[in-house]
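In each ligand, atom 1 is the first atom listed, and ligand 1 is the first ligand listed. FYI, side chains are in, hydrogens and waters are out, and symmetry mates aren't considered; it's all heavy atoms of this structure. Bear in mind the structure is a predicted one, so any value in this text is a computation, not a measurement.
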Amino acid sequence: MEVALKIDVDTHQGMSEGVPRLRAMLEREGIAASFYVAMGPDNSGRALIRAVRNRGFLSKMFRTKAVSMYGLRTVLSGTLLPARSIALAFPELMRGLRRGGFEVGVHGYDHVRWQDWVDELGDRGVREELGDAFEVYRAIFGEPPRSFAAPGWRTSAAALRALDEMNLNYRSDTRGRAPYRCVADGRILATIEIPTTLPTLDEVMGRGELRDRAAVLEFYLAQFKSDALNVHTIHAETEGIGELDSFRALVRALRERGAVFVQLREVVSRLKAAELPTCEVIRMTLPGRAGWISAQGAESVLAAEAPSEKT
Ligand SMILES: [Zn+2]
């Protein structure tokens, strides 16, 4: 059983508190993982304002314990309180991850802006977000990023095309079954896509069906496939802070079942793009998650190779 842990860092608090705790835990357990950090401002409070407009928000907020999971400071960030930066506020923490052997990729610039407006941003806006994010990454590490993970698993044909020009080793923008190449506007893109294959903890909890942590652990262990690559996305804000003990219990249980933990860059290094299936990128909803996400669609055999295709 192969398990790739994809750790998304969406907020200032996730970076300052969740990342050091996760790093320490993973190092103690001897487990590899890949971090994807939002490079720009923490506007997560704006996600709250968006959510308040939805009916039933308060009961969901209460049920999913958003304030206790994310903290009041995070919930207000970018609204009543000024937005704090995420990656740029902690360059040494970022470099320390790399020195510790962890992979670090880009999780967008303004997470909330991308997640809420990826369609409205259009080609120009998407390129601005990517340009800003890649510039911050270069400022911190002195070299360009090699991987990208879309905020909120939301992408568009414009975003897929723009990313395809950025010479990345891979991206992890969608939910799906196994690595593939994306088809956008009838063309096969060059960059390998490694989708997240499991539901996130907030989705599992958001369904409201599992009553306690033991039930959540049991649910997850039944989801991991023994004969395939499992990509599990966790959040520095959640598994890194309030749910750290549950996450540790999960990785230990997986290891007892023979799981091998790999980084996504290791996975991609043994893949050959030309041998991967080509699939449409579709939009769908998931139980326990508000709004749409991008997902691996059916295999497509009609698409043409894009002009930017690497040989
Ligand atoms: Zn995220």
Side-chain angles (χ1 to χ4, degrees), residues 4-19 22 33-48 50-51 64 66 69-71 74-75 77-78 83-90 94 97 102-118 121 126 129-130 132-134 136-137 145 147-156 159 163 170-176 193-206 231-243 247 264 283 285-286 288-295:
L5 295 172
K6 171 178 176 279
I7 304 175
D8 288 357
V9 186
D10 297 359
T11 63
H12 182 95
Q13 193 193 12
M15 188 73 209
S16 64
E17 293 179 36
V19 167
L22 280 169
S34 309
F35 289 81
Y36 302 85
V37 184
M39 295 288 144
D42 178 357
N43 278 315
S44 35
R46 290 196 192 150
L48 175 89
R50 172 229 309 152
T64 61
M69 276 169 82
Y70 292 103
T74 294
V75 166
S77 187
R84 300 179 290 182
S85 54
I86 302 172
L88 211 50
F90 304 97
M94 294 282 286
L97 285 174
F102 293 101
E103 175 177 20
V104 184
V106 172
H107 190 41
Y109 183 70
D110 184 334
H111 192 290
V112 173
R113 186 165 186 244
W114 181 286
Q115 190 170 357
D116 286 0
W117 302 105
V118 68
L121 285 171
V126 156
E129 287 288 304
L130 295 176
D132 289 347
F134 284 31
V136 171
Y137 188 98
S147 59
F148 180 85
W153 298 274
R154 287 189 175 178
T155 192
S156 65
L163 279 161
Y170 70 92
R171 60 175 146 222
S172 184
D173 288 348
T174 67
R175 301 298 186 89
E193 164 69 19
I194 307 181
T196 292
T197 64
L198 288 121
T200 61
L201 183 59
D202 56 316
E203 288 161 10
V204 172
M205 288 165 73
V231 181
H232 183 32
T233 298
I234 69 155
H235 285 93
E237 296 75 25
T238 310
E239 281 91 339
I241 304 179
E243 298 296 326
F247 180 53
L264 289 172
R283 291 183 179 188
T285 57
L286 295 173
R289 174 166 295 277
W292 60 274
I293 51 95
S294 297

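- The atom of His107 nearest to the Zn ion (ligand 1) is NE2, with the search restricted to N, O or S atoms.
- Met15 places none of its side-chain heavy atoms less than 4.5 Å from the side chain of Glu237.
- At distances below 3.5 Å, at least one donor-acceptor pair connects side-chain atoms of Glu193 with backbone N or O atoms of Thr174.
- At least one N, O or S atom of His111, from either the backbone or the side chain, sits less than 2.8 Å from the Zn ion (ligand 1).
- Atom OD1 is the N/O/S atom of Asp10 found closest to the Zn ion (ligand 1).
- A cation-pi arrangement is not found for Arg154 relative to Trp114, the charged atom failing to lie both closer than 6.0 Å to the ring centre and inside a 45° cone about the ring normal.
- Between Glu203 and Arg175 a salt bridge is recorded (basic side-chain N to carboxylate O distance below 4.0 Å).
- For residue Asp8, no N/O/S atom approaches the Zn ion (ligand 1) to within less than 2.8 Å.
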